[in-house]
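Take a look at the structure below.
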Amino acid sequence: MAWISEIHHQDVYASSSGVAEYVEIALSPAEFARASDFEFTAYQGTGAPSLVVNLGTLTPVIDPDNGHYIYTISVATTDPDTPTLGTLDA
């Protein structure tokens, strides 16, 4: 089953790391064969989509520990109405 394997959001650590916000999605080897069946969607506070990405359009990396395919999507994950501790370059 595909799953979100990591969400990197802006906080004290992230602000000092220089790493922009992102979401990682993992697919099993069997799911990779049909990666274009999977989409990641981020939403605005209004409920409207702000980003839609078909995984079949991305190039994953393979996790050497388990053989799963990892997709990294650059996307703002912090609530835009929440004060931030710094600005990261995308």
Nearest atoms (heavy-atom pairs only) where Tyr69 meets Ser28: CD1-O, 4.2 Å

From CZ (Phe32) to CG (Leu55), nearest 0.5 Å: 10.5 Å

Mind listing the closest non-hydrogen atom pair of Ile25 and Ser5 along with its distance? N-OG, 4.2 Å

Please find the pair of heavy atoms, one from Pro60 and one from Leu58, that lie closest to each other, and give the distance. CD-O, 3.6 Å

Is it true that Ile7 and Val53 fall in one hydrophobic cluster, defined by side-chain heavy atoms closer than 4.5 Å? yes

Mutual orientation of the aromatic rings belonging to His68 and Trp3 [parallel < 30°, tilted 30-60°, perpendicular > 60°]: perpendicular

Interatomic distance, Leu27 atom CG to Phe38 atom CZ [nearest 0.5 angstrom]: 5.5 Å

Val52 versus Glu39, closest heavy-atom pair with distance: CG1-OE1, 3.7 Å

Smallest heavy-atom separation, Ser50 atom then Gln44 atom, equals CB-CG, 3.6 Å

At their closest point, which heavy atom of Met1 faces which heavy atom of Glu31, and how far apart are they? CA-OE2, 2.8 Å

Same cluster or not: are Ile4 and Leu51 linked, directly or through other Ile, Leu, Val, Met, Phe, Trp or Tyr residues, by side-chain heavy atoms under 4.5 angstrom apart? yes

